[in-house]
Amino acid sequence: MTNPDTVTVSNFIAAIVDADVKANKNGGKVMTRFPPEPNGYLHIGHAKSICLNFDLAGDFNGLCNLRFDDTNPVKEEQEYIDSIMEDVKWLGFDWEDRLYFSSDYFEKFYEFALRLIRKGKAYVDSLSAEEIREYRGTLTEPGKESPYRNRSVEENLTLFEGMKNGEFPDGQYVLRAKVDMASGNLNMRDPVIYRILHASHHRTGDAWCIYPMYDFAHGQSDSIEGITHSICTLEFEDHRPLYDWFIDELELACHPQQIEFARLNLTYTIMSKRKLVRLVTEGYMNGWDDPRMPTISGLRRRGFTPESIRDFCDRIGVAKKASTVDVALLEHCLREDLNKRANRFMAVLKPLKVVIENYPEGDVDLLDAVNNPEDPGAGTRKVPFSKVLYIEQDDFMEEPPKKFFRLAPGREVRLRYGYFITCIDVVKDKDTGEVIELRCTYDPETRGGNAPDGRKVKATLHWVSAEHGLQAEVRLYSHLFVKENPADGKDGEDFTAHINPDSLEILDNCCVEPSLGEMKPEEICQFERLGYFCADRYDCTKEKLVFNRTVTLRDTWARLKKKS
RNA sequence: UGGGGCGUCGUCAAGCGGUAAGACACAGGUUUUUGGUGCCUGCAUUCGGAGGUUCGAAUCCUCCCGCCCCAGCCA
């Protein structure tokens with residue numbers, strides 16, 4: 001809880017709230033809400049909204065509710081409610097006892113509708129959906145009033161009750177607000193506020209067969225909960241006049257202020273729920289929590305920390321300009337967090353066998369390794385060294401280019417925490433010519449990694465003792481799409497055409513140092529020189545180690561290579 | 001051609017009439033037993049454009065241009 005006087009107003013919404021608090025609007029109280037529809041999983045765009053709403057409340061001594069906007073039973077499911085609650089909690093936010101559902105207010109909404117009908121501000125329409133569309137007019141032409149617009153209050157009441165009592169099939173009637181068919185704002189052209197839906201609701205079961213539309217539920221829900229600032233995304237800006245109209249016509253005591261901000265877009269991914277659902281149902285992804293998904297559960301499984309996501313949401317800011325944030329910023333926030341907290345280990349993803357010819361057969365040397373150079377408190381561990389090791393295939397080149405510092409024939413390098421070794425011979429497969437083994441010598445004087453004579457090497461390689469290493473599966477993830485904005489469709493292609501065929505590479509013959517055998521599901525770590533990884537939340541067991549690559553380390557060598 | 005918004009560095013984003021913050025990215029340098037990290041340096045004479053007001057304009061006015069959203073009985 002922060003003292004409002006010391007709050008740094010970090011965006012235009014906070015500025016509005018700050019001014020309202022200082023002017024003692026709403027008695028100086030602040031109440032916000034995060035209002036997801038349970039029709040899909042939360043993604044990082046929602047995280048922006050969650051952080052905004054909870055932080056706004058937190059910064060101004062207020063509270064933030066979690067409210068499910070569950071007015072459309074045909075699209076909503078309990079599974080989504082469960083996942084949403086889990087994700088919000090995981091992100092680090094707490095709605096305490098303020099878990100609400102729009103469906104809890106169905107009775108009240110019904111009363112509100114009655115009130116409108118009695119005021120002559122709502123009517124039951126017999127027009128079909130197509131007819132309503134035709135009567136609505138176009139962007140440039142005004143709409144026409146429905147012939148049923150002036151039914152008597154009594155007839156409206158009778159019909160609406162009939163709708164409620166299930167006397168009519170879906171689509172037979174709708175209840176519409178009587179606003180203005182000539183408005184330039186389409187939302188004001190007598191919007192439908194109740195439709196007949198003989199569908200079972202995940203919470204109210206079959207109690208209702210009429211359901212309110214978003215516009216007739218959202219603002220009223222806000223009002224009922226005493227929300228002071230109703231934060232939503234830009235596409236609802238056109239709905240604000242309607243939002244205000246309902247609250248005014250219903251003469252509700254609490255009139256929340258709707259404020260809109262631009263939703264988050266990220267490069268190389270998509271954020272639309274409709275598209276995300278397709279990735280899942282059409283089998284492009286292995287579920288909503290596939291580590292390539294921008295969903296909260298996907299990012300979590302990928303190895304992201306809640307702290308890094310919150311930091312990201314802080315840094316991107318809040319404004320009204322439609323924008324696309326470079327995913328590199330998200331990755332930067334991630335690396336910054338992981339660098340401080342991830343313990344380091346050695347893991348060889350694509351093993352190349354190295355035999356140290358002058359190392360005694362059967363000897364094992366337990367070397368000291370630092371767990372996290374950024375955190376002395378993380379301590380040290382022992383790493384076994386022996387005659388036969390694995391190094392990374394990428395760390396050897398038979399004919400090294402100018403700037404390649406790693407191992408090559410005749411060259412000396414350091415094995416991290418181990419010894420200096422020199423490559424004296426290369427063994428190749430007779431048929432394919434592929435390098436299958438390196439013969440090296442080591443310098444016993446360099447134990448730990450320093451030469452007493454002060455001689456330097458240009459590279460330090462990670463390695464794992466063949467005899468002691470553990471076999472592991474490693475899943476290498478990269479950007480889901482090859483195109484910066486897969487959804488722009490300007491090339492006439494469906495967004496699925498831009499899925500990165502290499503977004504997942506599974507390596508099942510990796511060799512990792514013994515201490516990694518202790519990793520618990522979801523535990524994060526760094527594989528030195530490679531990246532940050534986590535033990536897969538579901539698949540990693542003692543018997544079968546499975547690691548997900550969360551993000552690579554910044555790799556200046558890779559960039560150099562790419563340039564040339 | 002209706003209504004509602006938005007245009008400040010490659011990408012986000014401060015700025016609110018007194019002479020363009022910051023972050024990411026990028027480019028150099030430095031440190032380093034991770035080509036990681038850290039540290040240092042550089043990176044908008046200019047704010048979509050054109051006029052105008054003013055001693056002074058990204059900030060005020062006018063016109064123009066561009067982009068986004070809206071014609072679900074979705075949210």
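Reminder, nothing fancy here: chain letters follow the sequence lines and each chain counts from 1.
Nucleotides B:C67 and B:A75 have their P atoms positioned 31 Å apart, rounded to a whole Å. On the P atoms, B:G48 is 15 Å away from B:A14, given to the nearest whole Å. Distance noted for atom P between B:G38 and B:U34: 14 Å (whole Å). Remark: the separation of the P atoms in B:U46 and B:G2 is 35 Å, to the nearest Å. The P atoms of B:C60 and B:C16 are separated by 11 Å, rounded to the nearest whole Å. Between B:A13 and B:U19, the two P atoms lie 24 Å apart (nearest whole Å). B:G15 and B:U1 have their P atoms separated by 33 Å, with the value rounded to a whole Å. On the C1' atoms, B:G4 is 29 Å away from B:C9, given to the nearest whole Å.
Across all strands shown, B:A23 pairs with B:U11; the Watson-Crick or G-U wobble distances both stay below 3.5 Å. The pairing partner recorded for B:C60 is B:G52, the criterion being a Watson-Crick or G-U wobble arrangement whose two distances lie under 3.5 angstrom. With a cut-off of 3.5 Å on both pairing distances, B:U32 has no Watson-Crick or G-U wobble partner at all. Nucleotide B:C67 has B:G5 as its partner under the Watson-Crick or G-U criteria, with both atom distances under 3.5 Å. Figure legend. B:U45 is base-paired to no nucleotide; pairs are counted as Watson-Crick or G-U wobble with both atom distances under 3.5 Å.
Atom CG in A:Asp311 sits roughly 14 Å away from atom C1' in B:C12 (whole-Å rounding). When rounded to the nearest whole Å, the span between CZ of A:Arg189 and P of B:G72 equals 11 Å. Between A:Asn11 atom CG and B:C12 atom P the separation is 17 Å, expressed in whole Å. Protein atom NZ of A:Lys75 is 12 Å distant from nucleotide atom P of B:C73, rounded to whole Å. If you measure from atom CG of A:Leu242 to atom C1' of B:C74, you get 15 Å, rounded to the nearest angstrom. Atom CG in A:Asp337 sits roughly 17 Å away from atom C1' in B:C24 (whole-Å rounding). Atom CG in A:Asn265 sits about 10 Å away from atom P in B:C69, given to the nearest Å. What separates CE of A:Met188 from P of B:G72 is a distance of 18 Å, to the nearest Å.
Closest approach to the A:Ser323 side chain among B:U34, B:C74, B:C12 is made by B:C12 (side chain taken as heavy atoms from C-beta onward). Taking only side-chain atoms of A:Glu235, from C-beta outward, the nucleotide of B:C70, B:C69, B:C12 with the closest atom is B:C69. In the set B:A71, B:C74, B:G3, B:G3 carries the atom at the smallest distance from any side-chain atom of A:Asn185. Listed nucleotides: B:G5, B:G35, B:C24. Nearest to the side chain of A:Ala328: B:C24. Closest to the side chain of A:Glu528, out of B:C74, B:C69, B:U34, is B:U34. In the set B:A13, B:G4, B:A71, B:A13 carries the atom at the smallest distance from any side-chain atom of A:Ala319.
Under 3.5 Å, the side chains of A:Tyr123 and A:Asp190 contain a donor-acceptor pair of N or O atoms. Judged by distance alone, the side chains of A:Asn65 and A:Glu225 do bring a donor and an acceptor atom under 3.5 Å apart. A:Asp125 and A:Ser146 share a side-chain donor-acceptor pair at under 3.5 Å.
Across all strands, A:Asn450 comes closer than 4.0 Å to base atoms (heavy-atom distances). A:Lys458 comes within 4.0 angstrom of no nucleic acid atom, judged by non-hydrogen atoms across all strands. No engagement by A:Val327 is indicated, since no non-hydrogen atom pair under 4.0 Å with the nucleic acid exists. Base contact: A:Asp238 has a heavy atom under 4.0 Å from a base atom. Using a 4.0 Å heavy-atom distance criterion, A:Tyr417 is classed as a base contact. When heavy atoms are screened at a 4.0 angstrom cut-off, A:Met213 is found touching the sugar-phosphate backbone but no base atom. Contacts of A:Thr71 with the nucleic acid, taken as non-hydrogen atoms under 4.0 Å apart, involve only primed sugar atoms and P, OP1 or OP2. When heavy atoms are screened at a 4.0 angstrom cut-off, A:Ile316 is found touching the sugar-phosphate backbone but no base atom. Within the nucleic acid shown, A:Thr138 comes within 4.0 Å of at least one base atom, counting heavy atoms only. If you check every strand for non-hydrogen atoms under 4.0 Å, A:Leu127 touches a base. A:His218 comes within contact range of no nucleotide atom at all, as no heavy-atom separation falls under 4.0 Å. Among the atoms of the strands shown, none is found under 4.0 Å from any heavy atom of A:Tyr211.
Taking 4.0 angstrom as the limit, A:Arg195 places a side-chain polar atom (N or O) nearer than this to OP1 or OP2 of B:A75. In this structure, A:Lys321 reaches the B:A13 phosphate: one of its side-chain N or O atoms is under 4.0 Å from OP1 or OP2. For B:C69, the OP1/OP2 oxygens have no side-chain nitrogen or oxygen of A:Lys320 closer than 4.0 Å.
With salt bridges taken as basic N to acidic carboxylate O contacts below 4.0 Å, one links A:Arg315 and A:Glu336. Salt-bridge annotation for A:Asp55 and A:Arg310: absent, with no side-chain N of the basic residue lying under 4.0 Å from a carboxylate O of the acidic one. Look at A:Arg341 and A:Glu307 and you find a salt bridge, because one of the NZ, NE, NH1 or NH2 atoms lies within 4.0 Å of a carboxylate O, short of that distance. A salt bridge does not link A:Arg203 to A:Glu76: none of the charged side-chain nitrogens sits closer than 4.0 Å to a carboxylate oxygen. A salt bridge links A:Arg455 with A:Asp443: the distance from a Lys NZ or Arg NE/NH1/NH2 to an Asp or Glu carboxylate oxygen falls below 4.0 Å. Between A:Glu37 and A:Lys75 there is no salt bridge, since no side-chain nitrogen of the basic residue lies less than 4.0 Å from a carboxylate oxygen of the acidic one. Contact check on A:Lys22 versus A:Asp18 returns a salt bridge, with a Lys/Arg side-chain nitrogen under 4.0 Å from an Asp/Glu carboxylate oxygen.
Here A:Asn485 pairs with A:Ala487, A:Asp488 under the side chain to side chain contact (heavy atoms under 4.5 Å, CB included) rule; sequence neighbours left out.
Residue side chain A:Tyr214 fails the stacking definition with respect to B:A75, as its ring centre and the base's six-membered ring centre are not both under 5.5 angstrom apart and under 30 degrees in plane angle.
Residues of residues 128-136 of chain A having a heavy atom closer than 4.0 Å to RNA chain B, listed by number: A:Ser128, A:Ala129, A:Ile132, A:Arg133, A:Arg136.
With hydrogens and angles left out, the side chain of A:Arg315 and the base of B:G22 share no donor-acceptor pair within 3.5 Å.
Of the candidates A:Phe216, A:Tyr194, A:Phe106, A:Tyr211 forms a ring pair (Phe, Tyr, Trp, His ring centres under 6.0 Å) with just one, namely A:Phe106.
By the 30° and 60° cut-offs, the orientation of the rings of A:Tyr41 relative to A:Trp288 is parallel.
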With sugar-phosphate taken as primed atoms, P, OP1 and OP2 and all else as base, the protein-contact string of nucleotides 36-42 of chain B at under 4.0 Å (heavy atoms; B, S, -) is BS-----
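Between A:Glu76 and A:Leu330, the one whose closest nucleotide on RNA chain B sits nearer the 5' end is A:Leu330.
B:G72: glycosidic angle within 90° of 0, hence syn.
Surrounding CZ of A:Arg381 are more than 12 heavy atoms belonging to other residues, nucleotides or ligands, all under 6.0 Å away.
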